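All figures in this text were calculated on a predicted structure; none of them were measured in a lab. So that the names make sense, note that chain A is the first sequence line, chain B the second, and so on, each numbered from 1.
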Amino acid sequence: MSSFNVRRIRADIPLLQREINGRKITYLDSGASSLQPHAVIDAMSRYYELRHANVHRGVYQTANEATEAYEGSRAAVALFLNAPGGADEVVFTKNTTESLNLIAKTWGADHLAQGDVVLVSEMEHHANIVPWFQLREATGVEVRFIPVGDDYRLDLTKLDELLDGVKLLSVTAMSNVLGTKNPIAELAEAAHRVGALIAVDGAQSIVHGVTDVQELDIDFLAFSGHKMLGPTGIGVLWTRESVLDTMGPFMGGGGMIADVRVDGFTPAKGVARFEAGTPPIAESVGLRAAVRYLTGLGMENVADHDHELTVDALTRLESSFDGRVRVIGPSDTKDRGGVISLDVEGVHPHDVAQVLDQFGVCVRPGHHCAKPLMKRFGLAATARASFGPYSTTRDTDVLLEALTSAVSMFG
Amino acid sequence: MSSFNVRRIRADIPLLQREINGRKITYLDSGASSLQPHAVIDAMSRYYELRHANVHRGVYQTANEATEAYEGSRAAVALFLNAPGGADEVVFTKNTTESLNLIAKTWGADHLAQGDVVLVSEMEHHANIVPWFQLREATGVEVRFIPVGDDYRLDLTKLDELLDGVKLLSVTAMSNVLGTKNPIAELAEAAHRVGALIAVDGAQSIVHGVTDVQELDIDFLAFSGHKMLGPTGIGVLWTRESVLDTMGPFMGGGGMIADVRVDGFTPAKGVARFEAGTPPIAESVGLRAAVRYLTGLGMENVADHDHELTVDALTRLESSFDGRVRVIGPSDTKDRGGVISLDVEGVHPHDVAQVLDQFGVCVRPGHHCAKPLMKRFGLAATARASFGPYSTTRDTDVLLEALTSAVSMFG
Amino acid sequence: MSNLEDLYREIILDHYRSPRNRGELPSPPAHKVEGFNPLCGDEVTLYLDVHDGVLSDIKLTGHGCSISQSSSSLMSAAVKGKPLNDVNATIETFKQLMTGHESALTTEEEADEEVDLRTLGELAALQGVVKFPVRIKCATLAWNALRQGLDEIANQN
Amino acid sequence: MSNLEDLYREIILDHYRSPRNRGELPSPPAHKVEGFNPLCGDEVTLYLDVHDGVLSDIKLTGHGCSISQSSSSLMSAAVKGKPLNDVNATIETFKQLMTGHESALTTEEEADEEVDLRTLGELAALQGVVKFPVRIKCATLAWNALRQGLDEIANQN
Ligand SMILES: Cc1ncc(COP(=O)(O)O)c(C=O)c1O
Ligand SMILES: Cc1ncc(COP(=O)(O)O)c(C=O)c1O
């Protein structure tokens, strides 16, 4: 872990210097959104200060610089994912949600029809469920769910049956509620065996370990800038070039056309086809800075660090509170990331989070946009603590201290 | 013009301090994207440094602050537009293009059918044409064009005929090629008379004068942050509340639902229904700062300043170059904003822009995403100079100097 | 920790642990109305008996956080057996108590209107919620359902 | 102003003002292929006559900026009457000249490969374009069309 030094990372993140209610902030909500290092924030400020212009259509110097910045970000993301087709496979969107909708509303609408099956899982975020329900309304496709077992992992015992008639398997690489990491390479192989494509929701996994789309052999990958130390307002849809070429346009407008006449239009080729209007230019600069920052840390190191924190936290949570605090997620820490959902006996997650706030501890209560999963486990909500690359066992110390207070307050 | 002081505004804009090819930058591409004052850039940096968190679902302090920042931006935009229903009518999107697509893909798809007519104009940006063509492909609506006269203004002589069967009139308030400002209040009245709604593309007009949606009596308004001194990555769709309530959801995902079950979902009420996934939070903070900045200048003052610059530039362009430089746009400066498209005899717009760049002058060559309009006037492209609140007659001086060089180089 | 104690006053924890008027009423004749907060999943179901302009009985079920549950319990205690005029007035006063902050979102400059806390009795314990904007929705959940239920009853007649 | 003079060399302005090989060939037998740059609207149409492995004639029409028009004119002069092997080699060399910059976008670190300018003749005048990345598309428009046209011809046989 030569280049990975948590103290140095923490010094890079301005928000970690903040005090909340008289205590240094303990940020444990990276699953909802990560914090940004100076490098990311400053890259965007510098962009606005020095080279902002609209992209693609200018010939003057700052327009060139802005275009190079934007296209350079595309290339940097492609490199980060080891995209076989390079930058030509990286579409910038607004967030993971738009990326997944883009798949459903272009590829899905073009290639799927009544009777075809989209297979998702019971642990999906709404962003990977609702677009398929909308597609079902529009085209009559079937949306089928891979069940989640009592061990909080995908129950793949009947995968062959589940795959019957499936044209697309769309599944999260890591649950934002359970921390479960799913066997994506194995699922990709199974999907391809029946001639289906596989889309992966990488919103959580992207900042918890290495993502190599060639090694995973997947077809689509969706994720957001703001969960990987980058800015809000930008997301990515990576798509294998051979698939991308079969997808019709998405939004209509400037930049996505080859020609517009009063009687019709011709869409542009390549990723431009999916990027109508002025794109998130400054945000792409911020995302590139985040990618550079993460690459500097080394994603293997980030994953190791996350694993250590998770093992430590799970062990300590289990040995405290006399069973009053239950972890909703795998206890086996293999293929498990640092997202820890808690069910505190007799204390509603909102109240847990409220008490924790008093200690400067930021955790998120709620259904985490995964209502089908919540229902599966008979819960309305959990209080979720989630780690980022800048988290430490000291954060877990404060979490435990604050939880003790919550338990006793409502005891 | 007490509060309007161009020198002070220029000092607020870091990019205006930049040198290009040894000369101070002469930024005349605000029609493509405006420059940002420190206040906007710093508001976003401070947001990331102090209060970034995901919105809506957190109870801890920074999550509250982020939510208040985001919702506060919504309220600030509502105030800026004099929205009758306040913040409940302001949807944040990615850009103008997404806002217009949202109208077409929700309201349009729900309310329009084969035989219904969407009336646009020949001077629309592709963002206000292609979505309607897409709707035509999906539903068979007719897309009809209001012609543009030789005076570069809408030809409304046959408006009554054109309005026959129209359910939606969707038109730009100001052309991004011609500078023409259209009579929106009059068009709104005409549309309402036949029971149609009116959508307005405010991408250009928003920063060229006061926009009061009640006074205009319109139903939809679309615009972008990046053209009004704000950041990239955010746009606005304002919609009259009574209309908004009749619109189905757009993207599917987190935040836009009331409930998700394995067998279906129920969309949320209000603006949330259209904002799936993590919204552009930092961008909303930047947009609010831009709104505050513009309000401080006074939009009437901004409009007066723009008018003065336009009159001056048109007069000087006409008296120079012996007719070799033609302005593609109204010569009558009433209802005409500071967007000046040039056709230079014997010099392709790309070459014009290239030579101008050597003088540090930023103008944009091309079809400006308005190909039907270009075709109407038999042009492939123009070189477009456009003013912002920070522009001065000194900018026009340098423009003329550089144009002289371009003309002689290819002479 | 004073803010937190202000939020979780003893009376609130008491109503959370021992909610009043919990249960159902046969419906009909009782009017049943549901409140739901999609953001956090809190739910409340009210059963309302109105006779001769009086809210003669109220029962409720539901689940959620201490604020939403205690607020519904406190509400039921405050309005049970009261003439509708008084109930309406209590709803209004309570909403005013809660909107001090919400309206601040809309127009930053607007000054909070003062609410006469004496008219609220035990309900005044919920005052601390205003300092926690996201929790206001929890506190008002049952009240919005009550407002809706009474309106529905009025429209039936 | 040296960059600009590097871009607009006299030879380029000359080919822009007096384009070579302008016109059409009867098609068929000539192969017709179109190039189009959606961003700026530049267009070029090529007419290619290939006989016995030789590009025996080429004509072109189109409109656009000085770079796209002079590049197509210079190209036509360079490839007309040449064996296809030579034509292919010229296309490759020209593309290499132009991609110095484009590839820099993909991998910042990659060093520009050196192109032997002597093999290019008059075409070397277009070298200045590399310093103006957005104009590269203008310069390569006709060349991409030529590549496409020759591929189409090869596939027909
Ligand atoms: C009139 C008009 N409409 C729409 C747009 C599209 O705006 P955006 O690219 O921000 O979506 C523009 C900007 O180019 C415009 O000038
Ligand atoms: C697994 C998963 N998918 C999708 C999303 C949606 O991401 P965004 O809100 O950035 O669109 C999230 C974030 O909440 C997530 O955790």
After noting the C-alpha distance and the side-chain angles of A/Ser73 and A/Leu287, does the key distance pass the side chain to side chain contact (heavy atoms under 4.5 Å, CB included) rule? CA-CA 7 Å; A/Ser73 303; A/Leu287 179 59; 5.8 Å; no
Cut-off 4.5 Å, heavy atoms of chain A, and the answer for B/Arg136 is side chain
In Å, rounded to the nearest 0.5 Å, how long is the span from CG of B/Asp42 to CD of A/Glu49? 7.0 Å
Residues two or more places apart in sequence or in another chain: which of them pass side-chain hydrogen bond (donor to acceptor under 3.5 Å, both in side chains) with A/Arg261? A/Asp259, A/Asp263, A/Thr266
Starting from the C-alpha separation in whole Å, work towards a yes-or-no answer on side-chain hydrogen bond (donor to acceptor under 3.5 Å, both in side chains) for B/Thr278 and B/Asn54. CA-CA 7 Å; B/Thr278 303; B/Asn54 214 326; 3.0 Å; yes
How close do A/Leu399 and A/Ala385 get, heavy atom to heavy atom, and via which atoms? CD2-CB, 4.2 Å
Going by the angle between their ring planes, with limits at 30° and 60°, are B/His350 and B/His348 parallel, tilted or perpendicular? perpendicular
Show the numbers, then the answer: is there a side chain to side chain contact (heavy atoms under 4.5 Å, CB included) between A/Thr106 and A/Arg273? CA-CA 11 Å; A/Thr106 67; A/Arg273 182 157 75 257; over 6 Å; no
Report which part of B/His125 has an atom under 4.5 Å of a heavy atom belonging to chain A: side chain, backbone, both, or neither. side chain
Report the C-alpha separation of B/Thr232 and A/Glu283 in whole Å, then their side-chain angles, then the decisive distance to 0.1 Å, and conclude whether the side chain to side chain contact (heavy atoms under 4.5 Å, CB included) test is met. CA-CA 8 Å; B/Thr232 58; A/Glu283 291 77 4; 2.6 Å; yes
Go through the atoms of B/Ile25 and report whether side chain, backbone, both or neither lie under 4.5 Å from a heavy atom of chain A. side chain
Side chain, backbone, both or neither: which part of B/Glu137 has a non-hydrogen atom closer than 4.5 Å to chain A? side chain
For A/Met374, is it the side chain, the backbone, both or neither that has a heavy atom under 4.5 Å from a heavy atom of chain B? neither
Under 4.5 Å from any heavy atom of chain B, what part of A/Ser224 do you find: side chain, backbone, both or neither? neither
Need one label for A/Val55: side chain, backbone, both or neither, based on atoms under 4.5 Å from any heavy atom in chain B. backbone
Note: vs chain B, highest number of non-hydrogen pairs under 4.5 angstrom among A/His52, A/Lys371, A/Gln61 is A/His52
For chain B, which candidate among A/Thr93, A/Asp29, A/Leu16, A/Val40 shows the most heavy-atom pairs at distances under 4.5 Å? A/Asp29
The interface call for B/Met256 against chain A, heavy-atom contacts under 4.5 Å, is side chain
Side chain from CB out, backbone as N, CA, C, O: work out which of these in B/Phe265 comes under 4.5 Å of a heavy atom of chain A, or both, or neither. both
Give, as side chain, backbone, both or neither, the part of A/Val363 having an atom under 4.5 angstrom from any heavy atom of chain B. backbone
Pick from B/Ala104, B/Pro372, B/Cys362: which one has the most heavy-atom pairs with chain A under 4.5 Å? B/Cys362
Non-hydrogen atoms of chain A under 4.5 Å away: do they reach the side chain of B/Val120, the backbone, both or neither? neither
Looking at A/Ala276, A/Ser284, A/Ala353, which makes the most heavy-atom pairs under 4.5 Å with chain B? A/Ala276
Applying ring-ring contact (aromatic ring centres under 6.0 Å, His included), name anything that partners A/Tyr70, two or more places apart in sequence or on another chain. A/His56, A/Phe92
Which of B/Met251, B/Glu98, B/Gln17 touches chain A most, by non-hydrogen pairs under 4.5 Å: B/Met251
Can you tell me if B/Thr62 uses its side chain to pair, donor with acceptor, with the backbone of B/Ala53 under 3.5 Å? no
For the student: nearest non-hydrogen atoms of A/Gly252 and B/Val130, plus distance: CA-CG1, 3.5 Å
Interchain contact, B/Tyr27 with chain A, by part (heavy-atom threshold 4.5 Å): side chain
So B/His367 and B/His126, ring-ring contact (aromatic ring centres under 6.0 Å, His included) or not? Walk me through it. CA-CA 10 Å; B/His367 53 61; B/His126 294 162; 5.7 Å; yes
If you tally heavy-atom pairs under 4.5 Å between each of A/Tyr60, A/Tyr47, A/Trp132, A/Phe133 and chain B, the highest tally belongs to A/Tyr60
Looking at A/Gly264, A/Ala63, A/Gly360, A/Ala66, which has the largest count of heavy-atom pairs under 4.5 Å with chain B? A/Gly264
Taking side chain as everything from C-beta outward and backbone as N, CA, C, O, which of these in B/Leu15 sits under 4.5 Å from a heavy atom of chain A? Side chain, backbone, both or neither. both
With only heavy atoms counted, which part of B/Glu19 is less than 4.5 Å from chain A, the side chain, the backbone, both or neither? neither
Does any backbone or side-chain atom of B/Gln36 lie under 4.5 Å from a heavy atom of chain A? Answer side chain, backbone, both or neither. side chain
Turns out that what part of B/Lys94 lies under 4.5 Å from chain A's heavy atoms comes down to both
Side chain / backbone / both / neither for B/Ser30 at chain A, heavy atoms under 4.5 Å: neither
Would you mind checking which part of B/Ile281 comes under 4.5 Å of any heavy atom in chain A, side chain (CB onward), backbone (N, CA, C, O), both or neither? both
